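What you are looking at is a predicted structure, and each value in this text was computed from that prediction instead of being measured. Counting starts at 1 for both ligands and their atoms, following the listed order. Residue numbers count from 1 along this sequence.
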Amino acid sequence: MIPLTGYSDRLSAAPGERIAFKVSSAAAGPYRASLARVVHADPNPAGPGVKIEDLAARFTIERPSRAQPLAQGSYVRVDAAATLRTPGPLTVTALVWPTFTAKREQCVISRWAEPAQAGWALSLAPGGLTAHVGAPGGTPLTVTTGHTLPLRQWHRVWLVADPAAGTLRVGHAPLAGGGRQEASAPLPPGARLDAAAPLLIGARLAPEAREHYNGKIEDPLLLAAASAAPETLLLDPLLPPRDLIAGWDFSRGIDGLEVTDVGPHRLGGRIVNLPTRAMTGARWTGREMCWRHAPREYAAIHFHDDDVHDAGWATDFELTVPDDLPSGAYLMRLSAEGHADDLPFYVRPPLGRPRADVLYIASTYTYQAYANHARGSSDAAYRERIAAWGASPHIPDNHPDYGWSTYNRHRDGSGICYSSRLRPVLTFRPRYLTFLDARGSGLRHYSADTHLLDWLEAQGVRYDVVTDEDVEAEGAALLAPYATVLTGSHPEYHTARTLDAHAGYLDGGGRLVYLGGNGFYWRIATSPAVPGVIEVRRAEGGIRAWDAQTGEYYHALDGAYGGLWRRNGRPPQRIGAVGFSAQGLFEGSYYRRQPGADDPKAAWILEGVKDEVIGDFGLSGGGAAGFELDRADPALGTPAGAIVVASSEGHGPSFIVVPEELLSHLATVTGEKPARLLRADMTYAELPAGGAVFAVGSITFCGSLSHNRYDNNVSRILRNVLDRFRARR
Ligand SMILES: [Fe+2]
């Protein structure tokens with residue numbers, strides 16, 4: 001664990017609102033927390049350097065240190081089972097689809113009282129499926145089949161305790177038939193099957209939840225009988241089996257955290273650490289692709305021993321945002337005994353009371369999708385640069401303990417489809433280097449977006465800041481008062497509501513400056529029932545870190561079809577005028593002026609710029625056009641009459657056309673040659689209601705703004721656009 005770190009309960013707050021900070025400190029003495037404002041978070045000595053304004057005089061606090069642990073691994077917890085009486089006989093069964101071979105036990109279902117060594121557990125153990133039962137002498141009775149279960153196949157597993165016959169049986173059988181295995185051992189009189197303990201599915205309580213299981217579980221059930229043929233038991237919610245004590249139908253409440261028992265005692269439970277729901281189950285036929293249409297075919301939950309949701313840390317202190325604190329990017333800076341960490345947050349304007357005519361939307365959903373992205377790229381040269389530049393020292397490669405990103409996979413190989421912000425996020429830090437960038441700083445996301453904030457400060461442009469979550473909550477009304485709205489370098493992840501807010505702003509005559517690449521791309525889901533979390537299903541197409549499995553393309557949280565917005569009828573071009581076209585290494589090239597630059601409707605954009613070549617410099621990959629490139633395409637929704645004033649060229653051999661544009665190695669959707677689509681289009685579009693969009697089509701654009709003390713053609717172009725958009729109120 002990192003000696004000193006933390007997170008906050010929210011990422012933005014308005015004056016008068018409170019934000020709670022949760023800190024874990026391993027220091028012996030107290031730690032100190034103080035306020036600071038972020039202007040520029042890029043530690044590259046070739047640029048303007050880090051600019052963090054110390055506001056300790058406004059807020060400083062000392063608190064005693066305490067270490068707060070983060071428990072990984074998902075499971076279902078049924079507290080209501082603690083008062084259950086199950087002296088025996090007892091049959092426990094479940095359907096399982098294991099995904100990982102561990103060197104330790106992985107508990108499928110248990111009711112275990114560790115202090116009393118009483119109860120029972122049914123687990124996948126390295127030596128085979130294993131049952132444990134509390135025994136009179138104190139040492140649990142254990143019996144194993146001696147056979148391990150093949151991965152990614154459905155099996156029925158069971159534990160049968162039969163006091164009358166004096167036997168304990170454990171067994172499994174593939175659902176596909178054949179291969180039944182069962183072992184038994186004498187069950188001594190006085191076996192302690194009953195435990196005054198909660199029931200856990202996917203883990204064992206000993207005394208905390210441990211022995212986490214990896215894989216799917218479906219229809220776990222308990223019977224007050226010793227079943228002779230447990231492999232034939234079915235959990236039919238309409239016709240529950242005789243002697244049913246409890247049976248959990250995971251197809252109910254898929255969009256929430258509750259788990260429903262269809263048995264007589266209604267022993268409802270709750271999922272912990274966000275296992276994945278809306279997963280294809282043992283009954284899935286392919287007849288339906290959406291869990292809402294055939295819920296019982298989606299009665300499985302996929303558990304992972306590295307799932308995380310809310311770290312659940314106690315609040316150490318709160319900040320009430322002072323009334324006179326300008327909207328902007330802020331930090332709560334922590335320090336103790338040589339350790340330090342910075343917790344970013346934003347001060348947003350008071351509701352309905354903008355304090356500037358320019359609004360910057362911090363792409364916090366995208367930061368969250370990438371939260372703790374482990375890249376496996378931590379080599380000596382990268383670490384040397386971090387040390388030499390005083391960059392943020394903690395990288396996710398070395399800290400799986402906080403959970404990884406939706407760009408990573410779980411330990412069992414399945415894609416991580418949830419990301420919580422209620423945990424330390426190492427990538428969401430000033431001075432965090434994503435890449436060892438040969439020609440620049442290698443920043444992305446939070447730190448890269450301070451290139452824009454620094455430029456706004458240098459230009460004397462006052463701005464308000466809101467986050468994606470604010471836009472989600474308040475919609476177009478939040479954007480409407482502003483003369484112009486700016487995105488960051490990579491506004492990639494959106495819900496239907498955040499897209500609606502952008503569209504509504506433009507329809508109302510708003511002017512959007514889309515300052516990035518690969519924006520408005522993936523659809524995500526959020527839910528008030530599951531706070532602090534986004535869900536992404538990497539379905540069907542797009543440049544993907546993993547692929548959602550067939551039949552699992554619909555979000556659990558909102559039941560909507562996941563994947564690319566383009567495959568949901570809303571291509572990026574409809575909002576941002578341009579959309580994802582090509583990607584390569586983190587290298588920046590340049591734009592070349594196009595005939596559109598002289599169009600009378602757009603000539604003001606390049607006013608004062610005589611150069612043919614634009615942006616062949618910068619702190620992100622060395623050039624303003626790079627890494628991820630967007631192009632204009634009327635077929636995908638670029639507004640009619642849009643003007644391309646410059647297009648990029650000279651991209652290196654690593655650049656490829658995005659898969660959704662390719663029909664074959666020679667042909668693209670547009671009919672153009674693939675090489676023709678390797679470009680960013682700097683595009684201006686006027687909209688019918690008086691709104692407008694200016695788009696740069698590149699992720700690395702803002703890295704060029706500070707070049708030559710902010711006096712350069714990229715800076716000039718953005719200044720021209722802002723002046724025009726702000727003047728035309
Ligand atoms: Fe991205």
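The shortest side-chain heavy-atom distance between Val308 and Tyr402 does not fall under the 4.5 Å cut-off. Between Leu478 and Tyr505 there is no side-chain heavy-atom pair separated by less than 4.5 Å.
Not a single N/O/S atom of Asn518, whether from backbone or side chain, sits less than 2.8 Å from the Fe ion (ligand 1). Among the atoms of Glu628, none of the N, O or S atoms falls under 2.8 Å from the Fe ion (ligand 1).
Ring planes of His502 and His494: perpendicular class, angle over 60° (limits at 30 and 60°).
For the pair Arg538 and Trp522, the cation-pi test (distance below 6.0 Å, angle within 45°) is passed.
Nearest to the Fe ion (ligand 1), among the N, O or S atoms that Glu492 has, is OE1.
Seen from the Fe ion (ligand 1), atom OH on Tyr370 and atom NE2 on His490 lie at an angle near 110° (rounded to 10 degrees).
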